[in-house]
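Okay, so here's the structure we're looking at.
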Amino acid sequence: MEYVSPEGLRLDGRRPMEMRQLRAEIGTVAKADGSAVFEMGNTKVIAAVYGPREVQNRSQQISDQALVRCEYSMANFSTGDRLRKPKGDRRSTEISLVIRQTMEACILTHLMPRSQIDIFVQVLQADGGTRSACINAATLALADAGIPMRDIVTSCSAGYLNSAPLLDLNYIEDSAGGPDVTVAILPKLDKVTLLQMDAKLPVDIFENVMGLAIEGCKAVSNYIKEVLLGNTKQLEYRRGL
Amino acid sequence: MDARLANTWRLTVNEKNFIKTALLSEIRIDGRKPFEFRNFIINFGREDGLTEVQLGQTRVMAIVTAKLVQPYQDRPNEGTLSIYTEFSPMADPSFEIGRPGESAIELGRIIDRGLRESKAVDTESLCIIAGKLVWALRIDLHILDNGGNLVDAANIAALAALMTFRRPECSLGGEDGQEVTIHPPEMREPLPLIVHHLPIAITFGFFIDESIMVIDPTHNEEAVMAGRMIATVNANGDICAIQKAGGEGVSQRVIMRCLKLATTKAVDITKQIKEAVEAYNSERALQKIKCKSTYAGTNEENRNQSVDSKGISELAGKYMERLKLVSRECCVSPNNNEVETKSLRSGTDGINFTSGPLSWDPYSKGVDPEFLKVSLASQGLSTPNKKKESSGEEKPSGTEREGPYDDVNPKSSAINTSRIEIQTKGQKTLKDAVKPKNKRKKKGSSII
């Protein structure tokens with residue numbers, strides 16, 4: 001199948017190095033301490049953060065740092081065919097673990113000993129790149145909750161199809177079976193914190209694809225910063241400052 | 001995740017500091033250099049596809065099994081490969097009984113991604129009837145002892161198990177070509193899997209910051225390290241999978257350096273695995289030759305019976321013709337099987353364990369209960385009595401043929417046997433094919 005036309009356009013009309021449209025909204029779950037909706041094209045994810053709060057299960061309490069928990073789930077209606085067993089499968093357990101470890105690395109957990117932070121992310125619409133969208137949404141929600149962080153974490157994926165590196169794969173491109181590199185970076189420190197990759201790729205091409213994904217992450221981080229700034233300004237305005 | 005902190009064994013602050021400060025001057029607690037892999041030993045089990053890898057103190061067992069199933073609808077002509085992990089509580093106090101924990105799932109997923117998505121195993125060759133019947137491979141990984149770096153050890157174990165695993169040969173028959181015959185391993189040599197390349201997982205541990213990096217961290221180092229990256233690469237320099245889930249941030253330059261290091265390590269490890277597998281294979285081939293000769297001897301009576309049944313089953317008749325042709329070639333030796341089998345047995349006594357009990361018992365050796373069942377079922381009308389009579393008549397032709405062959409070339413006789421056996425015993429339908437696993441088990445237990 002042809003994923004990049006001779007004119008250099010992808011199936012959804014993007015250029016190989018082009019991202020899908022981003023949209024973010026903060027404060028979408030009124031009850032939660034922090035929440036956000038993040039959209040990358042047709043992928044839509046909602047995240048809610050509770051905490052820091054008292055540890056629910058005492059035996060898990062850590063005396064020198066906060067306990068971070070994360071739950072990733074996909075809504076039954078998020079995919080084309082309705083999901084049969086959406087909860088507790090191996091894929092979502094792994095993604096939960098990955099998101100938790102990524103966020104744990106950027107939260108200043110040592111400032112909040114004996115407490116717990118819960119991150120819940122749910123995929124409302126899945127169109128490729130749910131892992132990246134979840135991390136971006138979780139970052140926004142954590143920032144909204146006012147949890148101290150080293151830096152924001154932003155994530156983006158990239159792939160390699162028809163011998164062309166492609167940024168931000170959608171579902172059709174993702175399920176083509178080609179390589180899929182998901183990267184999350186700390187933009188200020190310029191460090192890669194999450195890196196997941198599958199399928200086979202020679203080292204030099206991998207370097208290009210990873211570089212492209214990192215560029216994507218930087219673009220996402222600019223957008224996220226903009227959204228956070230806009231949100232803060234609005235809060236200021238509401239307070240009448 | 002809930003169990004993640006409940007029962008973990010924690011290092012003391014002193015020990016942690018000791019490991020960290022030692023690493024600052026590039027010394028590791030077990031005396032290795034930072035980029036040195038621990039030595040590993042691969043032990044192979046008696047069965048094909050059973051391996052145990054010992055990497056330092058880490059011990060992982062891998063078992064590959066195959067089963068016939070219906071393929072997935074979106075991939076009608078591909079077999080399946082699935083990986084299951086079992087973290088036994090005896091390996092580490094933090095592993096709990098019951099459902100697999102997060103780390104178990106992550107380990108399974110990393111290995112799965114390395115093996116499956118890089119298409120290391122040729123799944124299309126596992127197809128028997130497109131859309132209807134394919135082999136489903138299952139790799140079970142058991143962690144027996146956790147000495148750190150489970151992923152690499154489990155990966156090596158899985159690869160070695162895949163390379164030594166053999167699946168029974170299948171052939172299609174019937175008018176429409178939809179009838180599947182599974183040839184038991186005694187009849188036809190089982191086929192090895194097609195493994196295109198070996199994706200080797202290499203784990204990197206990052207301490208304090210990205211500048212301090214080690215390969216193959218031990219259990220203690222794992223408790224101290226700030227970040228981990230697992231690169232699955234093959235010897236050709238292709239990257240098959242990477243997993244770095246959070247933890248300490250690492251710059252792009254360091255990642256590329258890690259990948260280069262991983263490639264060189266992968267070449268070494270690939271070589272070691274291949275050597276071990278080759279040694280196992282040559283030993284196995286030797287054993288097989290011995291096995292076959294005894295098998296031919298003990299099975300002589302079987303053969304005769306299968307010959308009788310030809311009258312009823314048409315297909316067997318065809319084979320009889322072939323049989324006769326063969327028998328004409330051979331010289332006549334009226335002193336039949338009694339002597340032959342004895343001599344054979346004395347020659348191979350004690351070498352072959354699997355068929356041991358069969359050769360002890362002169363009565364049981366002639367009657368293969370499974371075969372009797374099948375032949376009875378297929379004939380319907382024929383009674384055991386009738387069978388005995390006819391077997392008496394036919395005996396000479398069958399035995400004459402085999403006698404001299406056995407002495408000269410045990411292997412060829414085994415091939416002949418299998419040819420005949422397949423016809424009478426091997427007329428199986430799809431129904432029979434569904435549960436090959438149980439059948440094999442039954443067989444295995446009766447032998448042992």
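Worth saying up front: this structure is predicted, and the values here are computed from it rather than measured. Order of the sequence lines fixes the chain letters, A, B, ..., with proteins taken first and strands second; residue numbering starts at 1 for each chain.
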- Query: In terms of heavy-atom pairs under 4.5 Å, which option from L194(A), D204(A), L201(A) contacts chain B the most?
  - Reply: L201(A)
- Give the member of D190(A), T102(A), V153(A), I99(A) that has the highest number of heavy-atom pairs under 4.5 Å with chain B.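 Ranked by contacts with chain B, first place is T102(A).
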Is [X] atom [atom1] crowded by more than 12 heavy atoms from other residues, nucleotides or ligands, each under 6.0 Å away?
X: K225(A); atom1: NZ; answer: yes
X: Y3(A); atom1: OH; answer: yes
X: Y171(A); atom1: OH; answer: no
X: L108(A); atom1: CG; answer: yes

Do [X] and [Y] make a side-chain contact, defined as non-hydrogen atoms from C-beta onward lying under 4.5 Å apart?
X: R109(B); Y: Q196(A); answer: no
X: F206(A); Y: I242(B); answer: yes
X: Q243(B); Y: E94(A); answer: yes
X: M256(B); Y: M210(A); answer: yes

- Message: Rounded to the nearest 0.5 Å, what separates atom CG in D238(B) from atom CD1 in I205(A)?
- Response: 9.0 Å
- Message: I'd like to verify something: which residue of E248(B), K244(B), R116(B), E117(B) has the highest number of heavy-atom pairs under 4.5 Å with chain A?
- Response: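 If we count pairs closer than 4.5 Å to chain A, K244(B) comes out on top.
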- Interface residue of largest heavy-atom contact number with chain A, from C240(B), P199(B), S118(B), A226(B), under 4.5 Å: C240(B)
- Task: Using a strict cut-off of less than 4.0 Å between a Lys/Arg side-chain nitrogen and an Asp/Glu carboxylate oxygen, indicate whether R90(A) and E102(B) qualify as a salt bridge.
- Result: no
- Checking heavy atoms, do the side chain of I255(B), its backbone, both or neither come under 4.5 Å from chain A? side chain
- Non-hydrogen atoms of chain A under 4.5 Å away: do they reach the side chain of N236(B), the backbone, both or neither?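 Neither the backbone nor the side chain of N236(B) comes within 4.5 Å of chain A.
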Answer with side chain, backbone, both or neither: which region of [X] has an atom nearer than 4.5 Å to a non-hydrogen atom of chain B?
X: L189(A); result: neither
X: A199(A); result: both
X: R150(A); result: neither

- Item | Smallest separation among heavy atoms of V98(A) and A245(B), with atom names |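 That would be CG2-CB, 3.8 Å.
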- Contact summary for A105(A) and G247(B), nearest pair of heavy atoms: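 Nearest pair, atom of A105(A) first, then G247(B): CB-O, 3.3 Å.
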- Message: Any side-chain to backbone donor/acceptor pair from K200(A) onto I239(B)? Under 3.5 Å, distance only.
- Response: no
- Could you check V183(A), L195(A), I214(A) and say which one makes a side chain to side chain contact (heavy atoms under 4.5 Å, CB included) with Q252(B)? I214(A)
